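Keep in mind the model is a prediction, meaning the values are calculated, not measured. Proteins get letters first, then strands, A, B, ... in listed order; numbering begins at 1 in each.
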2 protein chains.
Amino acid sequence: MKHFLEMSPMAERILDAAQGLIQQQGYNGFSYDDVAKLVGIKKPSIHHHFPKKEDLVAVLVQRYTHSFRGELLNMEGRHASPMDRLAAYAAVFEQTFNRDRRLCVCGMLGAESGSLPDSAADEVASFFKVNLDWLTQIMGDAQNAGLIKKNCDAESLAQAYLSALEGAMVLGRGMRTVQGPADIARTFLSTVSA
Amino acid sequence: MKHFLEMSPMAERILDAAQGLIQQQGYNGFSYDDVAKLVGIKKPSIHHHFPKKEDLVAVLVQRYTHSFRGELLNMEGRHASPMDRLAAYAAVFEQTFNRDRRLCVCGMLGAESGSLPDSAADEVASFFKVNLDWLTQIMGDAQNAGLIKKNCDAESLAQAYLSALEGAMVLGRGMRTVQGPADIARTFLSTVSA
DNA sequence: GTCTATACCAGGATAGAC
DNA sequence: GTCTATCCTGGTATAGAC
């Protein structure tokens, strides 16, 4: 399987379509035919780009994690304050959610991981690790700057924050109400503030 | 469709098996044949008890919500302090999670709700409402007793708490680490404590 | 209430022509 | 790179006998 950085334009379009479907219906909820209809080619053509569904999803999650890393760098560039960075982080989730209440790709796949091929499950785990490492770093910075209370360690705060964001999207879908990750993030951040 | 309180013993066993499968694989990840094998009868016999998968899941979530209501009453009976009640609430999630990292039924179905029959999606929404109403009540009690800070309203705290618990289970599955809802709950409760 | 048998369709995947 | 045609499997569901 090719690396996601040297994908053809059509392969990219396929990944885009598949990603939307995963965010809305989950891994077991979409088919190659669904993707084919969205990008306007036939099912076997999808197989040409990604022989097996397993391949497609593994690459898709790699690409997703990569793009998230980009966002993290971006936030560091735009915001100096740890609190601003944490708020900006939540805004990424909010943006995803506001697009037809899409779930985080790895929130959906994490839930489904019991019926996922190993390759995909590994990539999902990697996504969470990348995000928790970053959040732990920022939470620590915030504590050292006296912006966040020190009665919990940075790693626990990172886990709680990411859990709350992922969970907020699940609740937001499960209920038909508007409440999204941004509101939950505001609540969380105002409770941990020093 | 019969009411879940007048189910035959076999119907109960079917629901038990289906519930485990949903918690592990999701709605689109299990089949009537999977259930049949677990309870030791054949596929058409499952259809005898629940003509359509849609029926089965709707009843299953009703029963799940009902049993949760029971747990809530139980907690009120056993714990007088709002903080103890909130901790006991998280313990219910932890118990579920500790059984082979099972997800909350409605955490899983909430994520998948885009590919769920309406009847099931409605029941999922109802589950969240019941839980948020109860949590809002307890959070308010805790605030009035001076146990929790008043810089967020009770409803927001309830949403953040439930989001964190549901999300913790998703993270716990997605990564292969041990971290579960109980740890996240501890972090959350210690940050909101007055 | 459970079974065998079966209809029907959809999903994943491949072969081979263009 | 895309297509048509096809295979195989498995999933939902029903008919009808025991």
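- For B:E71, the CD atom sits in a packed shell: over 12 heavy atoms of surrounding residues, nucleotides or ligands are nearer than 6.0 Å.
- A continuous path of ILVMFWY side-chain contacts below 4.5 Å connects A:V170 to A:L165, so both sit in one hydrophobic cluster.
- Under a 4.0 Å N-O distance rule, the pair A:K52/A:D55 does not qualify as a salt bridge.
- Looking at every heavy atom in both residues, A:L189 comes nearest to A:Y161 through CD1-OH, 3.7 Å.
- Each of A:F50 and B:I14 was assigned the nucleotide of DNA chain C with the nearest heavy atom; the assignment lying further toward the 5' end belongs to B:I14.
- The phosphate of C:dT2 has OP1 or OP2 within less than 4.0 Å of a side-chain N or O from B:H49.
- Computed from coordinates, the A:I46 CD1 to D:dC3 C1' distance equals 13 Å when rounded to whole Å.
- Separation of atoms CG (B:L162) and OH (B:Y89) is listed at 4.5 Å; rounding is to 0.5 Å.
- Within the 4.5 Å cutoff, no side-chain heavy atoms of B:W134 are placed close to those of B:M139.
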N/O contacts under 3.5 Å, protein versus nucleotides 8-12 of chain D?
from, atom 1, to, atom 2, distance (Å)
D:dT12, OP1, B:K53, NZ, 2.8
D:dT12, OP2, B:Y32, N, 3.1
D:dT12, O4, B:K43, NZ, 3.2

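- Rounded to the nearest 0.5 angstrom, B:T191 OG1 and A:I148 CD1 are separated by 9.5 Å.
- Looking only at side-chain heavy atoms (C-beta outward), B:T187 and A:Q159 stay at 4.5 Å or farther from each other.
- Regarding contacts with the backbone of C:dC3, a side-chain N or O of B:S45 is found under 4.0 angstrom from either OP1 or OP2.
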Do any N or O atoms of the protein come closer than 3.5 Å to N or O atoms of nucleotides 15-18 of chain C, and which pairs are they?
none

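- Here B:H48 reaches the OP1 or OP2 of C:dG1: one of its side-chain N or O atoms lies under 4.0 Å away.
- Computed from coordinates, the A:K42 NZ to D:dT2 P distance equals 13 Å when rounded to whole Å.
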